[in-house]
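Notes to accompany the following structure.
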There are 2 protein chains.
Amino acid sequence: MSRFDQRLSEILTHATDVFDEKGYAGASMRDLSRASGMSLAGLYYYFESKEKLLYLIQRHTFTTILERLRTRLEDVTEPEARIRVFILNHLEYFLANQKSMKVLSHEDEVLKNGYGAEIAAIKREYVRICVELMEELKRARDLDFSSRTATLSLFGMMNWIYTWYKPRVDGNAEELAREMGDIFLRGVSSGKASKKDPEKRTDLIL
Amino acid sequence: MSRFDQRLSEILTHATDVFDEKGYAGASMRDLSRASGMSLAGLYYYFESKEKLLYLIQRHTFTTILERLRTRLEDVTEPEARIRVFILNHLEYFLANQKSMKVLSHEDEVLKNGYGAEIAAIKREYVRICVELMEELKRARDLDFSSRTATLSLFGMMNWIYTWYKPRVDGNAEELAREMGDIFLRGVSSGKASKKDPEKRTDLIL
DNA sequence: ATATTTATCGAACGTTCGTTCGAACTCCTG
DNA sequence: CAGGAGTTCGAACGAACGTTCGATAAATAT
């Protein structure tokens, strides 16, 4: 890892802190300069615009969590266990990198065109995997529920924690993953749900 | 309703559109001026700062949904039904006022000091009611789960919809409330969950 | 030690920001 | 129709914005 890359990732870390606290639009380049201990002009040696900086943060965060997920899923075949792996992976990374994940979640719509499209593609792939896990579970247990609503509800449960999680009160990722996994999996485990429209589309429009 | 109040609420509506689209920090007073068809200076006849404008939007949205909830809960006594009333009320208002609710959810932390404290107090009361419904259910059915985690997970499921809801795909509030109610209530209905720490605190620190 | 690349900086650019102010317009009341 | 209150506006304020540029300092290579 070159000196350049190392310094860049330090800047990314500090920028993440600032975006977390003030939001992307609310954070100024001068804020970032102050936080990273580098001059305003100096920052532009490492990236060409504020927008690109957000892109770099989001891409790194998203590709990392996706990578870890893929590795972990390799070892597990049972459908419910695979969903629990998904939940645990998501929450573990979320809590260990709360600021990055808030910047990823909260600044979801600010990147436009090229950068935005690239991040959106990673996101689509991440969600697609989760929907597939739902489909596996439905097939294995002959369940009937909307994979789309279920998946997006699950993401809601998990992603919302950035608004309320307090380490001292809410325990670690394992506990939380177990609690949320219990609620979600038991909630979804019954033929009764969503009987009305079993052909409900499962592809996602995001 | 005075002419002043009427014009103000028109401005609030247009401002909500702009905040929804660009975020509070990303929206300029000139954007708001353009959207509401009034001159930049003219806006300041109706409110004294951009911050106050966000406060007015958030307060109106939050007090309205809270008011409706109280009215609806008066008619229902059975614990599970009361939670379903909460979910339906929340989702109905959320979908009918998507932009306002996004501004309320997404710009949660931007108001500081006086204004922020007032909104936070309404929020605390709203969440407190939901936690109490959980406690009622637990008592009535002798269940054992963390009211805090359950409540906040439920809020996550519901509030996250502003990131994915498409009317044509996801149906109306009733359907969604039934689906999410099924998942959540079935998920929470079992003595097995969270057995490990039955004394887990139920008061919320937000 | 010198030359060359890599890294950092102060100062400034033009633009946009939230807000103010006094003048003007509109409207209701006497 | 005169007059005062209620409403709207153009123009401007100083401050802060994202970005650029040429000079300088530090690190590396010769």
Side-chain angles (χ1 to χ4, degrees), chain A residues 1-58 103 106-107 109-116, chain B residues 1-59 103 106-107 109-116 119:
Chain A
M1 197 179 193
S2 71
R3 183 179 147 74
F4 179 92
D5 290 332
Q6 207 167 323
R7 195 87 179 85
L8 174 56
S9 86
E10 283 175 33
I11 295 172
L12 256 48
T13 303
H14 289 121
T16 303
D17 292 346
V18 179
F19 286 160
D20 168 60
E21 202 169 325
K22 309 186 134 195
Y24 171 77
S28 73
M29 288 299 297
R30 282 156 185 86
D31 290 331
L32 303 178
S33 155
R34 211 172 303 118
S36 53
M38 176 173 284
S39 73
L40 184 54
L43 292 174
Y44 283 85
Y45 179 70
Y46 289 95
F47 49 89
E48 54 231 76
S49 70
K50 190 185 169 193
E51 200 188 5
K52 174 101 180 203
L53 181 58
L54 177 60
Y55 162 75
L56 290 173
I57 293 173
Q58 294 195 334
V103 173
H106 201 79
E107 314 293 348
E109 289 175 310
V110 339
L111 253 25
K112 308 287 183 194
N113 307 322
Y115 294 150
Chain B
M1 199 179 191
S2 71
R3 181 177 146 76
F4 179 92
D5 290 331
Q6 207 167 323
R7 196 87 179 84
L8 173 57
S9 86
E10 283 175 31
I11 294 172
L12 255 51
T13 302
H14 289 121
T16 302
D17 292 345
V18 179
F19 286 160
D20 167 61
E21 202 169 325
K22 307 187 137 196
Y24 171 77
S28 73
M29 288 299 295
R30 282 154 186 87
D31 290 331
L32 304 178
S33 157
R34 212 172 303 117
S36 54
M38 178 174 281
S39 74
L40 183 55
L43 292 173
Y44 283 86
Y45 178 71
Y46 288 94
F47 50 88
E48 54 231 74
S49 70
K50 191 185 168 191
E51 200 189 5
K52 173 100 180 205
L53 180 58
L54 177 60
Y55 162 75
L56 289 175
I57 292 173
Q58 294 196 334
R59 190 187 59 174
V103 172
H106 201 81
E107 313 295 347
E109 288 175 309
V110 339
L111 253 25
K112 308 284 180 197
N113 306 322
Y115 294 150
I119 301 297

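We use all heavy atoms of the structure for the numbers below, so side chains are in, but hydrogens, waters and symmetry mates are not. Chain letters run A, B, ... following the sequence lines, proteins first and then strands; every chain starts at 1.
- Here salt bridge (charged side-chain N to carboxylate O under 4.0 Å, His left out) pairs that include residues 32-53 of chain A, with residues two or more places apart or in two chains, are A:D31-A:R34, A:E48-A:K52.
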Item to check | Verdict with reasoning, A:F19 to A:H106, per side-chain contact (heavy atoms from CB on, under 4.5 Å) | outcome: CA-CA 10 Å; A:F19 286 160; A:H106 201 79; over 6 Å; no
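- Here the shortest heavy-atom pairing between B:A25 and A:G26 reads CB-N, 3.8 Å.
- In this view, B:N113 satisfies the side-chain contact (heavy atoms from CB on, under 4.5 Å) rule with no residue, not counting sequence neighbours.
- The salt bridge (charged side-chain N to carboxylate O under 4.0 Å, His left out) test applied to A:E21 returns no partner, not counting sequence neighbours.
- When all heavy atoms of B:V103 and B:D20 are compared, the closest pair comes out as CG2-N, 3.8 Å.
- For B:Q58 (side chain) and B:E107 (main-chain N/O), a donor-acceptor pair under 3.5 Å exists by modelled atom type.
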Please list, for nucleotides 5-7 of chain D, all pairs of protein and nucleotide N/O atoms separated by less than 3.5 Å.
unit_1: D:dT7; atom_1: OP2; unit_2: B:Y45; atom_2: OH; d: 2.7

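- A:T16 places a side-chain N or O within donor-acceptor distance of the main-chain N or O of A:L12, the cut-off being under 3.5 Å.
- With DNA chain C read from its 5' end, the first of the two nearest nucleotides for A:S39 and A:R30 is the one closest to A:S39.
- Interface residues of residues 49-58 of chain B facing DNA chain D, ordered by number: none; criterion, heavy-atom separation under 4.0 Å.
- Scored by the salt bridge (charged side-chain N to carboxylate O under 4.0 Å, His left out) test, A:E109 finds B:K102 as partners (sequence neighbours excluded).
- When the side-chain hydrogen bond (donor to acceptor under 3.5 Å, both in side chains) test is applied to B:Y55, the partners found at least two apart in sequence or on another chain are B:R59, B:E118.
- Judged by closest nucleotide on DNA chain D, B:G37 is the one of B:G37 and B:L40 placed further toward the 5' end.
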Item to check | Working for side-chain contact (heavy atoms from CB on, under 4.5 Å), residues B:L53 and B:L43 | outcome: CA-CA 10 Å; B:L53 180 58; B:L43 292 173; over 6 Å; no
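- Remark: DNA chain D forms stems of 3 or more consecutive Watson-Crick or G-U wobble pairs, all pair distances under 3.5 Å, at C:3-27 with D:4-28.
- Applying the salt bridge (charged side-chain N to carboxylate O under 4.0 Å, His left out) criterion to B:R30, with sequence neighbours excluded, gives no partner residue.
- At a non-hydrogen distance threshold of 4.0 Å, nothing from residues 20-29 of chain B comes into contact with DNA chain D.
- The side-chain contact (heavy atoms from CB on, under 4.5 Å) test applied to B:F4 returns B:S2, B:L8, B:Y45, B:Y46, not counting sequence neighbours.
- Separation of atoms CD1 (A:I57) and CZ (A:F47) is listed at 8.5 Å; rounding is to 0.5 Å.
- The span of DNA chain C lying next to chain B, judged by atoms under 4.0 Å from heavy atoms, is bounded 5' to 3' by C:dC17 to C:dC21.
- A 4.5 Å side-chain heavy-atom check between B:H14 and B:M38 finds every atom pair outside the cut-off.
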